[in-house]
Amino acid sequence: MKQVKYIFLTGGVVSSLGKGIAASSLGLLLKSRGLRVTIQKLDPYINVDPGTMSPYQHGEVYVTEDGAESDLDLGHYERFLDMNMTKSNNTTTGQVYYEVISRERRGDYLGATVQVVPHITDEIKRRMTLLADTKDYDVVITEIGGTVGDIESLPFLEAMRQFMLKVGRENSLSIHLTYVPYIEAAGEIKTKPTQHSVKTLLEIGIQPDILIIRSHAGVSQDIKEKIALFCNVQTKCVVSAKDVPTIYQVPLELESEGLDEIVVGKLHIRNGKPDLAKWRKLVRKINDPKNTVTVGVCGKYNMVPDAYKSILEAFVHAGAENDVKVNIKWISAQDLEKDKNTAKYLTGINGLLVPYGFGERGTEGKIKAIKFVRENKIPFFGICFGMQLAVVEFARNVLKMKDANSAEVRKTRNNVIDLMEEQKGITEKGGTMRLGSYACTVKRGTKTFDTYKAVNINERHRHRYEFNNRYRMQFEDAGMIFSGINPDKDLVEIIELPSHPWFIACQFHPELKSRATKAHPLFREFIKACKKKK
Ligand code: GLN
């Protein structure tokens with residue numbers, strides 16, 4: 001297929017409707033029909049990327065292979081499509097303005113007044129084709145962040161309008177995701193917010209071709225007809241997306257509503273039916289687990305589960321492969337820090353995960369939790385900061401270095417975790433951590449090797465601090481194994497304790513590489529160990 005087809009997805013009425021899941025699900029359906037599909041996200045905020053935002057603001061920062069700090073929806077795209085996203089899959093207002101203003105300073109627009117239309121919209125349109133230009137794709141799905149009606153998203157919608165006009169109706173589609181609320185007092189579901197949202201789009205010159213209607217319990221044929229009439233779309237193009245027990249069921253719901261059939265019809269793509277056998281099996285496993293395990297997650301962003309999105313999804317994948325449902329017990333690092341009774345927080349768990357983190361708050365609580373599970377032989381999995389604090393805990397309580405700490409938390413004589421050499425001169429905060437994919441060599445004869453069954457692996461990073469190699473021998477003499485090492489810089493990437501049933505921690509973020517139908521080996525084996533513990 002020569003002509004690339006473009007699908008735009010906008011959202012209306014309220015945020016958090018699951019645009020990312022809708023885009024990923026459609027992507028999966030098209031991919032299952034044999035098409036080469038990718039998805040990009042356009043984010044209307046002014047930050048160049050979410051890397052400088054707090055997890056409270058934005059949830060997790062998703063890191064791509066090529067080291068972009070990007071929106072967490074890219075994680076859904078990767079998990080559903082089972083393929084890597086790149087820097088080009090996420091654009092922000094910040095990036096667009098940065099580019100245009102740099103050009104203006106260079107003198108590229110000499111003589112002209114630089115304006116939102118056409119200069120900003122031209123730059124957005126240029127970015128809309130970056131992925132198509134690679135010639136790797138038949139279909140590019142573009143998800144526009146925010147909600148229709150927001151001031152910030154206007155330039156993106158205007159660019160979308162211009163773009164669709166240029167490539168033509170047979171090569172582009174506009175899908176609008178909206179919400180139909182149920183009003184208890186009236187005993188009715190209401191379509192008015194959807195009508196208003198579509199009206200707002202029409203004002204900008206965009207007529208949606210398809211409406212995906214989110215609702216709690218689904219919408220009847222009558223309601224579909226009503227929405228179709230008021231919103232000027234065909235009735236068959238009003239697609240219902242009701243709440244389902246797992247996000248992984250959404251593609252199956254949308255397929256049963258005929259979404260992919262409508263899309264390929266409208267875009268004149270001729271090809272076969274989707275092959276969803278593997279996906280159906282996954283959903284069955286998620287919805288019908290044989291058993292459960294409980295994993296404690298001891299972090300400081302617990303009130304914002306989106307901060308740990310990829311970790312939570314990786315548990316779903318690992319659970320499915322182990323025929324268990326993974327229940328999460330949130331353990332507040334700050335509360336644990338203040339409390340003398342550590343056991344109170346950790347009883348009933350079959351394993352503990354200490355996730356990523358930054359800064360001092362809660363670290364002592366995490367260290368207490370790690371000590372407890374190390375001594376009580378409860379499976380432990382540490383990720384990034386979680387590994388660093390496992391190193392600190394071992395130094396303090398096994399090597400008896402009472403003042404051991406990470407230099408990020410406190411400068412002491414024993415900074416067993418210290419700033420990386422290449423980080424020392426860096427003062428700028430944006431995009432300057434050790435980011436993206438790096439090689440790691442796994443030591444044979446370790447649990448880590450049994451897990452990966454490979455010597456050469458690659459994993460994604462996002463950190464500034466690392467294990468201080470000055471202490472390596474002392475740790476090894478006391479029984480810690482450095483089971484993964486970066487071969488180029490000799491950095492510690494994975495640690496394990498062979499005397500413990502399952503105690504593995506890594507400097508990288510394995511959760512970023514877990515896929516729906518291919519759980520990450522570390523998560524899979526950790527859950528297996530939790531199951532055994534239970
Ligand atoms: N704050 C630590 C560092 O910068 C760990 C980062 C993380 O957990 N992603 O090295």
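The first residue of the sequence shown is numbered 1, and numbering continues consecutively from there. We count ligands from 1, going down the list as the structure has it; atoms in each ligand are counted the same way.
Checking side-chain atoms of K300 against main-chain N and O of T363 turns up no donor-acceptor pair under 3.5 Å.
Around CE of M473, the count of heavy atoms belonging to other residues, nucleotides or ligands within 6.0 Å does not exceed 12.
Residues that satisfy the side-chain contact (heavy atoms from CB on, under 4.5 Å) test with R410, not counting sequence neighbours, are E360, N405, T412.
Near ligand 1, Y356, G357, F358, C384, F385, Q388, E408, R462, H463, R464, Y465, H509 each place a heavy atom less than 4.0 angstrom from the ligand.
Considering K443, R434, R460 as possible partners of E493, the one that fulfils the salt bridge (charged side-chain N to carboxylate O under 4.0 Å, His left out) test is R434.
Between F156 and F8, the ring centre distance reaches or exceeds 6.0 Å. A distance of 6.0 Å or more separates the ring centres of Y345 and F372.
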